[in-house]
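Any value given below was found using the heavy atoms of this structure, including those in side chains, with hydrogens, waters and symmetry copies removed. These numbers were taken from a predicted model, which means no experiment stands behind them. When a ligand or atom number is given, it counts from 1 through the structure's own listing order.
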Amino acid sequence: MLALQNASALPYQQKRLNATTALPPRVAPTYVQPLRRSAAYNTVHTKPCGLRPVLFKHQQQHVQHTRPSVAASASPTDLIGLGLFFAPGLAAVAYALYLGKGNLNDGLSRLLTEVSQGYFQPDVGGKNIPVSEGQLSDLAGDQPLFKALYQWFIDYGGVYKLAFGPKAFIVVSDPVVVRHILKENTFNYDKGVLAEILEPIMGKGLIPADLDTWKVRRRAVVPAFHKQYYEVMAKMFGDCTMRSVQKLDEAIAAGQRDAVVDMESEFLNLGLEIIGLGVFNYDFGAINKESPVIKAVYGVLKEAEHRSTFYIPYWNIPITKYIVPRQVQFHADLRVINDCLDSLIQNAQETRQEDDSEALQNRDYSKVKDPSLLRFLVDMRGEDATNKQLRDDLMTMLIAGHETTAAVLTWALFCLTQKPAAMAKVVEEVDRVVGDRMPNLDDIRAMSYTRATLGESLRLYPQPPLLIRRALSEDKLPPGLNGDPNGYPIGKGADIFISVWNLHHSPHLWKDPEEFRPERFTESFENPGFNGAWAGYRPEASPGALYPNEVTSDFGFIPFGGGARKCIGDQFALFEATVALAMLVRRFDFQLAVKPSQVGMATGATIHTANGMPMRVTRRKPAELKQVEPQVAGAV
Ligand code: HEM
């Protein structure tokens, strides 16, 4: 299990903003279930961008289980569940002994996983794929999952199999193979174990949705992200960032000259406010930070994190929702959020003004009171999604769009403080393009270096570091770099991890992959070893693109995924992050308040810090701020 540190022990916290301390320190978004692994907490201590991280192990922390007692309201199904809960535990002892290797924890966890899911892994082929014989306890031990996957990628190549007892995962780190899975044969794959984890939270929302549901909902949701919507959103991003500016100013005033602020917490606040307003016109910023809704959002995210990194899915046993405190709390939190979303949906339904998609896109959004995605989805003619489906969609976007963007901003600021020359270029660009105005869409397009900085942060710290797929029928993976020329036949049910981390750090795809250098995205890169199967990195392949992407990199750079199930909020996130970063670095000077080596990187479903991102913040001297006229948008 990935433990969440109690940040209250940190000295810099004394100077944290009041508003930020009210929130739980960190929780992770839940795109991926990397691997169910035994209880452990790993951090990777980063060195300044450009240096390889140094790994070390932290203490373990276990889930608090209460003594099992059957609740008065337990149904017969729950009692069967209780029986199931114990029987495999006993059998596991024999199972572990039978295996004659590994530890009891591995054996127990494996068996529980299999039994509670009600099946044993079928033979999923991939017989000629190199096998990394690891134990789950290896992963939980000395290093975080993605790091172990990276080392095995270097040892075994771009396609290898991780065999853990009866389960096997195919780990893919080769752009040619990734392109095949995400684009060329995209509909042969669904989200597999990821969907199993997320379904209780997101229902049939876009991320975990089965293909039939996904096709209908994707078609409905895409038009909601139209140009006018983004125009209004850009303004909203600026307004919300001004709240952060005010909070930083107040903290500086309280500290007389400067303040030490956990910028990760601040970006989480900002991200939550923005996603609430953009998706369902709910202002998290205007409610008390002790509000049950905010607490519930963080509670649910925390549980999703727990589920994605704890490989015994005990929560599938029905009775656990009555007897395991964190499961009881999780269900209570879900109810709070669902009640809130239901009432917002109800309200939107009651004020529905039906129109066709084109007319909705051409509304005068400067006069529209509620420009949210929810309003659009409810008003769209012919769009008769049930309230349950709408709620699933909203919940998915709330979770998908909040911490991801906060993490990008956190790591981008970290990288920039470690590379003053890059920071100076960003500040110069912001001064020149926007000055003290709030950036609009044209400004965002004109700030190409600032956007490249965000892209480079996403390369080094991808959120999420792994994508999950399961084959719906047989397939043949291409060989990729130095692979078996015959390719790799795989069977129905094969579970795949696409390692975004490995792609983004691959020495086969990037020059000096560990270096933070936004300029790299303007340079071409080729690797003749692919014999033409990989087109290389070509900036000219997608002229005018908002960020380097799967087209310019031929699936070597996929921060937002690629193919049919690519992130639907990529532009939203990029616009948001650009506005926030530009406005903050224009007004404040940030210096990391601890040594870079003390910025721990917690690993789980995504990459976030272990201890927050303490920054010493000062106001840039007024003389340094150059007032400039708005500039006509330039080419991206
Ligand atoms: C920097 C911020 C973000 C990052 C790095 C990010 C990353 C991703 C990635 C990698 C995927 C693909 C997952 C897969 O293929 O398994 C994805 C999917 C998705 N993202 Fe994002 N995302 C971000 C922000 C957002 C925002 C702001 C929203 C909503 C407003 C959003 C909504 C979604 C949805 C709904 C999907 C599922 C798309 C589908 O399956 O059709 N994301 N995101």
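Ranked by closest heavy atom to atom 33 (C) of ligand 1, the top entry among Pro465, Gly562, Ala400 is Ala400. Summarising the contacts of atom 42 (N) of ligand 1 with Cys567, Ala407, Pro462, Gly401, the nearest heavy atom is found in Cys567. Scanning Gly271, Gly278, Pro559 for the heavy atom closest to atom 10 (C) of ligand 1 points to Pro559. Closest heavy-atom approach to atom 30 (C) of ligand 1 within the set Ile275, Thr186, Ile568, Ile207: this belongs to Ile275.
Set against the non-hydrogen atoms of Lys566, the atoms of ligand 1 under 4.0 Å away are 38 (C). Within ligand 1, the atoms closer than 4.0 Å to a non-hydrogen atom of Pro464 are 10 (C), numbered from 1 in the order shown. Heavy-atom proximity to Arg469, at under 4.0 Å, picks out these atoms of ligand 1: 14 (C), 15 (O), 16 (O). Interface of Leu206 with ligand 1, defined as ligand atoms under 4.0 Å from a residue heavy atom, comprises 35 (C), 40 (O). Of all atoms in ligand 1, listed by their number and element, those nearer than 4.0 Å to a heavy atom of Ala573 are 1 (C), 2 (C), 24 (C). Taking a cut-off of under 4.0 Å to the non-hydrogen atoms of Gln463, the atoms of ligand 1 that pass are 4 (C), 5 (C), 7 (C). Remark: ligand 1 atoms within the under-4.0 Å shell around heavy atoms of Gly569 are 26 (C), 27 (C), 28 (C), 31 (C). Heavy-atom proximity to Gly561, at under 4.0 Å, picks out these atoms of ligand 1: 10 (C).
Side-chain N or O atoms of Trp534 include one that pairs as donor or acceptor with a backbone N or O of Ser553 at under 3.5 Å. When atom types are taken as modelled, the side chain of Arg375 and the backbone of Ala348 share a donor-acceptor pair closer than 3.5 angstrom. A donor-acceptor contact shorter than 3.5 Å links the side chain of Gln463 to the backbone of Tyr461. Checking side-chain atoms of Arg565 against main-chain N and O of Ile207 turns up a donor-acceptor pair under 3.5 Å.
Contacts between Arg218 and ligand 1 below 4.0 angstrom, taking non-hydrogen atoms only, involve the side chain exclusively. At a heavy-atom cutoff of 4.0 Å, ligand 1 is contacted by the side chain of Phe572 but not by its backbone. Residue Val408 touches ligand 1 through its side chain alone, judged by heavy-atom distances below 4.0 Å. Neither the backbone nor the side chain of Glu576 has any atom closer than 4.0 Å to an atom of ligand 1 (non-hydrogen atoms only).
For ligand 1, the polar-atom distance check finds no N/O of Thr396 at less than 3.5 Å from any of the ligand's N/O atoms. Where the criterion is an N or O separation shorter than 3.5 Å, residue side chain and backbone included, Thr404 fails it with respect to ligand 1.
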Please lay out, stage by stage, how Asp392 and Lys388 fare under the test salt bridge (Lys or Arg N to Asp or Glu O under 4.0 Å). CA-CA 6 Å; Asp392 290 349; Lys388 159 88 174 69; 2.6 Å; yes
Glu266/Ser244 under side chain to side chain donor-acceptor pair (under 3.5 Å): CA gap, chis, key distance, verdict: CA-CA 7 Å; Glu266 190 44 46; Ser244 295; 3.0 Å; yes
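Aromatic ring centres of Phe284 and Tyr282 lie closer together than 6.0 Å. In this structure, Phe521 has its ring center closer than 6.0 angstrom to the ring center of Phe557. Between His180 and Phe555, the gap from one ring centroid to the other reaches at least 6.0 Å.
Both tests pass for Lys215 against the ring of Phe187: distance under 6.0 Å to the centre and angle within 45° of the axis.
Ion pair Asp190/Arg469 not flagged as a salt bridge, since none of the NZ, NE, NH1 or NH2 atoms sits closer than 4.0 Å to an Asp/Glu carboxylate oxygen.
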